[in-house]
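A note on names: the letters A, B, ... follow the listed sequences, proteins ahead of strands, and every chain is numbered from 1.
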Amino acid sequence: MITLTFEQKKSLGFQYLLDSLRPNCVYGQELVKQAAPYPGEEREALKEELCRLSCLVDSYEANKNRWDSLELILMNVKEIRGTLKKGAESVLTDLELFELKQFLLQSEKLRRLYEDNPGLRLSEIVFADTAPALDLLDPEGRRLPGFYISDAYAPELKAVREEKKRLEAVLRWEDILEEEKAPDATLRQEDVQGEYPAYSQERRRRLLAERSEAVAEEERIQMRIRAELTEKLRPWFPFLWENVRAMGRLDFLLQKTKLALGCHGVCPELTDHTLSLRDMTNPELAEGLRERGKTFTPISFAMDNGTAVITGANMGGKSVALKTIALNVVLALSGFFVCAGEARIPVFDDICLITEEYQSPRDGLSSFGGEMVQLKKALACQREGYALLIFDELARGTNPDEGAAIVKAVVRYLKERPVMAVLATHYDHVAQDADYHYQAAGLADADMERLSAEIKSADSRKRIDIISNYMNYGIYQVREREECPRDAIRICGLLGLEPELLRLMEAEA
Amino acid sequence: MRPEGLSSLLENYTSLSLAGMCKNAGKTTVLNYLLRELGQKDTRVALTSIGRDGETVDVVTGTGKPRIYVREGTLFATAAGLLRNCDTTGEILKTTGIHTPLGEVVLVRTRSDGFIDLAGPSTNRQLIELSAMFRAYGPDKILIDGAVSRRSLCSRQVAQAVILCAGASYHRDITRVIADTAYICSLLQITAEAGKAAAFAIRQWQGKKAPFEKLLFLDPEGNCRAAGPGKNLVDALRERENADYPMVWLEGAVTDAVVRPLLLSNIPLRGHLFLAEDSSKILLSREVCEKLYQKGARLAVLEEIALLAVCINPFSAYGDHFDKAEFRERMENAVSLPVIDVLEDCDDYIDL
């Protein structure tokens, strides 16, 4: 079972994508809110969901108008579950019956549209035919949105309402008598039985009392009808629940489709032990870069079981790479398309993330202590199932010698175990022990002459920006052992540190 | 006057709000009278209230209150929790998405005559929203029963016309009741004097103004000059560049706090016209308002509301009843409007 906290969803950029979805009804909204990776044992369900999504993505454009009208219907669907729960135990009120009728009306519209257009149908999403339930609430078959207990339900209701109406007509007549006006056109003499020579307060009082009796009788009959109606509707409730679920799933799928089309995602292929992602992006980070006039460098990454180490200098984009890998794995396992050109992703039982953001001083531990507690948990979950472990700058908080030793030990420990671990670190020599070694490109292929020329003429505050413009945030796989570029010292030079100090740095390195 | 004419006063307007100076001012009695008259003319009425009203016993003072009696075919909007207090046969048409402590506001059409219990939305914005929903069902008139001292209900955005109800429950002193009522009437009767060109200039400026910009200087030709964000009224009026503009638009509420510094300053105000959105935005105390006029300035609004009549109730919920003849006569002298005594003229025709 993979559980991500809200902070983790946010930090990966998963929450950003969820927030960009615009579900039409409360049921869809709820599924968006609950979106999370499928547990490992529900692999088949995940496969089916991805397959449905794939179908929908492929056929969406061709049926766009129909899907739009379907979304319009979904927008009119109101929350009905409270009423269904209440109706299972007690008699529904007029307002609840009204809400039920609204739901049934929308449900019927939706079912018609969905069933009549084979192009829209998706496997396992079906709408139950609830027309007979709607007939119960619309005995006259008018299919209008209003609801009241109509005369058609019982002849005695009709009778008492007629009696009430007669009394009300007389009361109206009384009003006119009281004002000594001529009878108005709407009131006919035959409505008023007997002679009414003059207005009398006494008679009005009696009429109102009689009307009250009729009202009480009407209410008694209406209560009986409400009870009968609820009783007759109850067997339909399971179908209504089914439709509620179908509406939610369909709404959610539609939003996922729009997201997939919007970010040119691909359907991930589920594998057993191979992770391979080509040209991944992270839409939230990409959006942030776009606002600053920069573009996101797509990242490619592949590994089988074991450990992968991403090395590189500061500012080099190691954390970005980690977040992007994690985001796309989470997307795939949650039944979304991934933001990549091609994706093969294993079904993990668990994903563990240890990054700086999650170490909270709240627990009363130093950042190092907190990290080690997290590490212990991560290693435990690795023993329980097939896990993806992601560590960003593990042991950064301690002294570099011991820090490097810790990272090295973790890499060795996880090597050749049935686990995938991705570590970003700037202790570059630990990479020797890893199964895979990636290097953040950084300034490796930058035109250093142009960069130094540009930087010389620039304001000291703008230098960081200029350097980041020349940075390549992509990562590449290091096949053979090669010398890691010393970008940190290079950056110091570019930022204009004392030459003597730089010389000393070079000598030490 | 006999209130036969009450509904004919309303002839040229499609929406009316009933505002009360206090509780037990007789609003519901007036409303019932109006409903009966409109009913006899076959007018299709839509009805709601701002806040809670229409209960049989006044929740605040415990005095008996009349209930609202409507005809078949009336539209009304009330909180779901009060539907069971309504004894008409009612068809639920729509749930509005407006929530109150008594439940969501629901639109109902009556399929018989009967008593209803109203608790509508509690803000003007919701009331405007609700009016739009009403209009989809094509009523001839929309009536809004106001809660106590809801001056905002007199906003032109809510209703075109207003009837003000005043009663002995407002204060023991009849002179005070009459003076305060007359003052509120005078505010509600403030006219739109700015002219089309100036009104247009104000709307244009509102569309592009910065936040915290509250003052705009204008002349009748529509030439205008904004005072700038955060500027206070006294400083702005002292500026030489603003001297040529005789009109000042005051964005938002016009309160004592805005006007008092002006009265204390030595700025000549003769001939100045201060403009507000509508009279619901003018919240000046009588004293401050009078001083402003004494200094030769005047107030005007952009959107007029029609004050149709004053209804009075000499019966006090607290026991200090007024002499009805005296109350009526003095009120008639104080306001240049039809005055209706709710007990005498409207009668308690729905006897409880």
Side-chain angles (χ1 to χ4, degrees), chain A residues 78-79 93-99 101-102 144-151 157-158 160-187 199-209 211-212 214-216 218-219 221-223, chain B residues 2-4 6 32-33 35-44 66-67 69-75 78-97 102-116 136-137 345-352:
Chain A
K78 300 261 169 69
E79 175 66 275
T93 64
D94 282 1
L95 183 59
E96 286 155 347
L97 290 168
F98 165 80
E99 284 169 341
K101 185 178 172 187
Q102 294 293 304
L144 291 174
F147 175 78
Y148 77 112
I149 310 249
S150 90
D151 296 353
L157 184 62
K158 192 165 185 234
V160 73
R161 280 184 180 159
E162 271 164 12
E163 169 64 6
K164 193 173 117 179
K165 202 156 249 177
R166 186 188 66 81
L167 291 165
E168 282 158 5
V170 181
L171 277 162
R172 287 189 189 182
W173 181 246
E174 283 284 319
D175 291 346
I176 291 159
L177 282 178
E178 185 206 0
E179 288 163 28
E180 294 158 344
K181 272 193 197 162
D184 67 1
T186 56
L187 195 72
Y199 171 75
S200 112
Q201 187 95 25
E202 162 51 29
R203 193 171 51 232
R204 156 172 288 284
R205 211 164 271 162
R206 208 183 59 231
L207 282 165
L208 277 169
R211 182 183 172 277
S212 294
V215 166
E218 182 192 15
E219 181 51 27
I221 299 167
Q222 290 191 108
M223 261 165 62
Chain B
R2 275 294 286 179
E4 266 101 70
L6 209 51
N32 268 331
Y33 198 88
L35 284 169
R36 178 160 58 147
E37 246 187 39
L38 290 169
Q40 282 167 7
K41 290 183 181 171
D42 276 334
T43 310
R44 284 166 303 167
R67 288 193 290 163
Y69 190 84
V70 298
R71 287 207 169 198
E72 182 180 345
T74 304
L75 274 174
T78 195
L82 295 185
L83 284 176
R84 64 191 138 84
N85 297 356
C86 304
D87 75 1
T88 61
T89 307
E91 175 177 2
I92 299 170
L93 296 176
K94 191 181 171 72
T95 49
T96 59
L102 292 160
E104 185 174 358
V105 175
V106 179
L107 281 195
V108 182
R109 184 178 6 237
T110 59
R111 287 179 160 264
S112 80
D113 296 359
F115 295 102
I116 59 169
Y137 294 93
D345 300 330
C346 299
D347 216 326
D348 215 355
Y349 90 107
I350 305 290
D351 202 21
L352 292 164

Among A:Gly146, A:Ala216, A:Ser150, A:Ser212, which residue forms the greatest number of heavy-atom pairs with chain B at distances under 4.5 Å?
A:Gly146
Which atoms of B:Arg109 are under 4.5 Å from chain A, going by heavy atoms: the side chain, the backbone, both sets, or neither?
neither
A:Arg161, A:Lys78, A:Lys101: which one forms the most heavy-atom pairs within less than 4.5 Å of chain B?
A:Arg161
Portion of A:Leu171 that has a non-hydrogen atom of chain B nearer than 4.5 angstrom:
side chain
Minimum heavy-atom distance A:Arg211-B:Gly114, with the two atoms named:
NH2-CA, 3.0 Å
Examine whether an atom of A:Glu168 lies under 4.5 Å from a heavy atom of chain B, and if so say whether it belongs to the side chain, the backbone or both; otherwise answer neither.
both
Closest non-hydrogen atom pair, A:Arg172 against B:Glu72:
NH2-N, 3.7 Å
Run the side-chain contact (heavy atoms from CB on, under 4.5 Å) test on A:Tyr148 and B:Val108 for me, step by step, so that the C-alpha distance in whole Å, both residues' side-chain angles and the decisive distance to 0.1 Å come before the verdict.
CA-CA 10 Å; A:Tyr148 77 112; B:Val108 182; over 6 Å; no
Is there a side-chain contact (heavy atoms from CB on, under 4.5 Å) between A:Glu219 and B:Arg84? Walk through the geometry before answering.
CA-CA 10 Å; A:Glu219 181 51 27; B:Arg84 64 191 138 84; over 6 Å; no
Which residues in residues 85-94 of chain B have any heavy atom closer than 4.5 Å to a heavy atom of chain A?
B:Asp87, B:Thr88, B:Thr89, B:Gly90, B:Glu91, B:Ile92, B:Leu93, B:Lys94
